[in-house]
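The next block holds one structure in the form of structure tokens; read it before the comments.
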Amino acid sequence: MSLEDFMDKEKKSRKMGLVYFQVLEGSSGLITRVVSERTDKVWLLRMIKKGKLFIQETSTIAETS
């Protein structure tokens, strides 16, 4: 995984709205995050290097009734 995974290759900008997951420190839990204008590139790089971020490869759609 690299910073390129968070970028729109055609627009050469951030993939706004991209959902990704962060492993919580000291636990096995995950929190959901979303790429926005406020997403810190330096923080992303640091967390990618630590192996603390994950992007789901397949889409999950919630079932509604």
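Position 1 is the first residue of the sequence, and the numbers go up from there.
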inquiry  = Please check this pair: side chain of Arg14 against backbone of Thr39, looking for a donor-acceptor N/O pair closer than 3.5 Å.
reply    =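 Yes, the answer is positive, given that a donor and an acceptor are paired below the 3.5 Å cut-off.
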Spell out, yes or no, whether [X] and [Y] are grouped together once hydrophobic residues are joined by side-chain heavy atoms under 4.5 Å, including indirect joins.
X     : Y     : result
Phe21 : Ile31 : no
Leu45 : Val35 : yes
Leu18 : Leu53 : yes

ask   = How many angstroms lie between NZ in Lys12 and CG in Asp8, if you round to the nearest 0.5 Å?
value =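 Going from NZ on Lys12 over to CG on Asp8, the span is 11.0 Å.
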request  = Measure the NZ-OG distance between Lys49 and Ser2 for me, rounded to the nearest 0.5 Å.
outcome  =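 Lys49 atom NZ to Ser2 atom OG measures 11.5 Å (nearest 0.5 Å).
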task = Indicate the atoms forming the closest heavy-atom contact of Glu4 with Lys9, along with that distance.
result =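 That would be O-NZ, 3.8 Å.
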key: Greater than 12 external heavy atoms within 6.0 Å of Lys52's NZ   =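 Result for NZ/Lys52: enclosed.
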task = Take Lys41 and Leu3 through the side-chain contact (heavy atoms from CB on, under 4.5 Å) test and state the conclusion after the steps.
result = CA-CA 8 Å; Lys41 182 173 92 172; Leu3 195 58; 3.5 Å; yes
inquiry  = With side-chain contact (heavy atoms from CB on, under 4.5 Å) as the criterion, how do Leu30 and Leu24 come out once you've worked through the C-alpha distance, each side chain's angles and the decisive distance to 0.1 Å?
reply    = CA-CA 6 Å; Leu30 297 173; Leu24 295 174; over 6 Å; no
ask   = Stepwise, does the ring pair (Phe, Tyr, Trp, His ring centres under 6.0 Å) test hold for Tyr20 with Phe6?
value = CA-CA 9 Å; Tyr20 63 100; Phe6 293 86; 5.1 Å; yes
ask   = Could you go step by step and tell me if Ile55 and Met1 meet the side-chain contact (heavy atoms from CB on, under 4.5 Å) rule?
value = CA-CA 9 Å; Ile55 297 174; Met1 194 165 139; 4.0 Å; yes
